[in-house]
Amino acid sequence: MRTSNRRRSTLSFLLAAAAALAVVTVVGILLTETAMETDFSRTGLPPSLDALFGTDWMGRDMFARTLSGLSLSIRIGLLTAAISAAVALALGIVSAVCGGLVDAAISWCIDLVMGIPHILLVMLISIACGRGFTGVVMGVALSHWTSLARVVRGEVIQLRQAPYILTAQKLGVSRAGIVRRHLLPHLLPQFLTGLVLLFPHAILHEASVTFLGFGLSSERPAIGAILSESMRYLTTGKWWLALFPGLSLVLVVMLFALLGDRLRRLLDPASVHG
Amino acid sequence: MGRLGHRLRFAGKKLLRMVLLLFGVSAVTFALMAASPLDPLQTNVGQAALGSMSPEQIAQLEAYWGMDVPPLERYLSWLIGALHGDFGTSLLYRQPVLTVIGQRLRSSLWLMLTAWILSGVLGLALGITAGACRDRWPDKLIRGYCFTISSTPAFWLALLLLMIFSVWLGWLPIGLSIPIGMDAASVTLLDRLRHAILPALTLSITGVANIALHTREKTIDVMESDYALFARARGERPLAIAVRHGLWNVALPAITLQFASISEIVGGSVLVEQVFSYPGLGQAAVTAGLGSDLPLLLGITVVTAALVFAGNLAADLLYGAVDPKIRRGAARS
């Protein structure tokens with residue numbers, strides 16, 4: 001058996017992962033200027049000590065581009081996951097508390113959104129918002145709330161019959177009061193882990209939609225745009241243009257997924273026993 | 001009457017809901033496309049060409065792209081047409097939408113079907129293995145694989161495979177469903193197969209993770225049950241127990257999950273087809289989206305949504321057909 005405190009080691013992992021992601025975000029913002037710089041005296045260089053990830057056909061440093069792309073992805077991921085989770089929480093609670101017609105309507109909407117493949121829906125919403133930054137953010141934010149909304153709704157429906165909620169009702173506490181004082185605090189752990197576990201999906205879909213050409217403009221150093229450009233140079237053997245940016249994206253997404261998993265272990269130990 | 005009648009009523013209710021959802025999907029898709037500030041003339045004709053045109057020509061083009069009719073009117077006329085089996089004409093391909101979708105779906109269907117079956121079978125096998133060898137190296141390996149794959153964007157995996165097998169090793173062609181510059185009639189089945197290997201492989205690899213992890217959980221439940229303990233006491237090996245006693249219990253949720261995963265396979269095929277320039281439905285969707293081809297994108301969305309809903313319906317019906325407990329439970333309620 002392990003003697004070290006597992007809770008404490010989980011917490012330190014959590015902090016380390018969060019710190020690493022924060023560093024990537026900040027460094028990426030600082031490197032945005034460098035990422036745009038072109039230098040035609042050193043185009044298409046393979047990776048070396050001078051340029052860790054190599055350079056592209058305009059002599060731009062791929063390391064700087066990758067980092068600033070990751071930073072952009074993380075920021076978009078945070079924004080969209082926050083919006084998505086807020087929508088999920090609101091709709092989930094309203095659906096369960098109001099019941100009846102409202103519940104049926106919201107459940108129908110969830111089924112509807114789930115019926116359209118994610119990537120198509122993000123594309124459609126992005127088109128409706130005129131593509132670009134707004135398009136991507138709205139697209140990802142408005143298509144990822146469904147499963148969390150279902151979880152919240154299910155949880156609240158179960159909770160409605162809890163003795164303390166029934167007592168509060170009998171004591172004459174208003175619906176809004178019950179939601180604020182009793183439901184929200186109870187939902188917080190699940191909500192937070194749901195929020196963090198939304199990041200990986202949000203980031204992956206942002207990159208995918210940008211890759212397809214519906215997202216951020218190609219001048220911006222976004223990972224999706226970088227990879228889409230790299231496609232044109234694949235046949236000439238410039239493998240580093242695609243390998244490193246994609247690999248770093250995978251690492252960031254994994255870090256977020258681990259973060260969410262550890263957070264769940266800390267906040268909701270009962271659900272992950274064994 | 002009795003049980004059969006109940007089953008039919010259950011299926012009918014689900015079917016009705018599906019039809020209503022399809023109406024919803026078409027309305028939402030249309031509204032989103034109509035709300036777009038993107039000017040189809042700017043994207044498809046170009047600013048320079050527009051500048052040199054006479055006002056009459058521009059008006060003609062606007063009529064072609066349907067910009068002179070209010071959205072609600074257009075939607076209603078589309079809906080009436082669609083109910084009669086006419087989904088309109090694709091503006092980019094200048095062919096009826098259903099013809100385009102039919103052609104594209106045929107090449108996509110092979111891809112998706114292969115990936116669907118392969119990922120299902122492989123996922124089930126990996127999940128059972130991992131569950132039977134819980135916390136030992138096969139389990140750790142499989143879990144690590146699933147975790148990595150679910151963090152990897154499908155299009156990057158496609159790029160990677162393309163780099164390795166087509167550019168570096170030169171074993172497989174770069175893309176397209178047929179060799180470039182070849183007559184469509186002289187394309188052999190082998191050619192088609194060779195061009196479909198990498199896209200199908202990518203889709204299968206990405207599809208495995210979800211079902212494997214789910215099956216693993218279920219297998220662990222089975223392995224902790226009393227009858228598994230009894231089997232072990234009789235001297236059966238863990239993997240044999242998992243296959244003999246676990247498979248039936250695990251297959252059911254796995255089938256449901258597999259039918260529910262159609263949406264992901266379709267989504268993945270959009271990305272993968274784009275990388276391999278495979279002329280399937282997904283690629284047509286991207287082309288239609290970039291070129292503001294409203295009828296085509298609308299048609300594709302409705303058709304894929306119908307596929308997804310049909311998958312869900314099949315899962316619901318299968319669940320009842322395979323598991324008597326659920327059948328009886330549903331009959332009672």
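So you know, we letter chains A, B, ... as the sequences are listed, proteins then strands, and number each from 1. Heavy atoms only: backbone and side chains are in, while hydrogens, waters and symmetry mates are out. Being a predicted model, the structure only gives us computed values, none of them experimental.
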_What part of B:Thr148 gets within 4.5 angstrom of chain A, counting heavy atoms only: side chain, backbone, both, or neither?_
both

*Who wins among B:Ser263, B:Ser151, B:Ala306 for the most heavy-atom pairs under 4.5 Å with chain A?*
B:Ser151

*asked:* Taking side chain as everything from C-beta outward and backbone as N, CA, C, O, which of these in A:Leu120 sits under 4.5 Å from a heavy atom of chain B? Side chain, backbone, both or neither.
replied: side chain

*asked:* Tell me whether B:His214 at atom NE2 has more than 12 heavy atoms from other residues, nucleotides or ligands lying less than 6.0 Å away.
replied: yes

*For the atom pair OG1 (B:Thr152) and CG (A:Leu204), what is the distance rounded to the nearest 0.5 Å?*
8.0 Å

*Got a second to check how far A:Ile119's CD1 is from B:Phe155's CZ, nearest 0.5 Å?*
8.5 Å

_Interatomic distance, B:Leu290 atom CG to A:Ile127 atom CD1 [nearest 0.5 angstrom]_ = 7.5 Å

*What distance do A:Ser208 atom OG and B:Gln274 atom CD have between them, rounded to the nearest 0.5 Å?*
11.5 Å

*Shortest non-hydrogen contact from B:Phe309 to A:Asp111?*
CE2-O, 3.9 Å

*Of the options B:Ile265, B:Thr304, B:Leu307, which is the one that meets A:Pro117 in a side-chain contact (heavy atoms from CB on, under 4.5 Å)?*
B:Thr304

*When rounded to the nearest 0.5 angstrom, what is the spacing between CG in A:Leu124 and CZ in B:Phe30?*
12.5 Å

_Does A:Met123 form a side chain to side chain contact (heavy atoms under 4.5 Å, CB included) with B:Leu297? I'd like the steps, not just the answer._
CA-CA 10 Å; A:Met123 256 166 62; B:Leu297 192 53; 4.3 Å; yes

_Most contacts with chain A, counted as non-hydrogen pairs under 4.5 angstrom, among B:Leu32, B:Asn312, B:Val302_ = B:Leu32

_With a 4.5 angstrom heavy-atom cut-off, is it the side chain or the backbone of A:Leu243 that approaches chain B, or both, or neither?_
both

*Answer with side chain, backbone, both or neither: which region of A:Leu247 has an atom nearer than 4.5 Å to a non-hydrogen atom of chain B?*
both

_Below 4.5 Å, heavy-atom pairs only: which of B:Ala305, B:Gly289, B:Gly268 has the largest tally toward chain A?_
B:Gly289

*Heavy-atom closest pair, residues B:Leu159 and A:Phe211*: CD1-CE1, 4.4 Å

*Would you mind checking which part of A:Met254 comes under 4.5 Å of any heavy atom in chain B, side chain (CB onward), backbone (N, CA, C, O), both or neither?*
both

*Enter the distance from A:Leu112:CG to B:Thr29:OG1 here, rounded to the nearest 0.5 Å.*
8.0 Å

_Which portion of A:Ser230 sits near chain B, non-hydrogen atoms under 4.5 angstrom_ = side chain

*Any sub-3.5 Å donor-acceptor pair from B:Trp156's side-chain atoms to A:Ala242's backbone N or O?*
yes

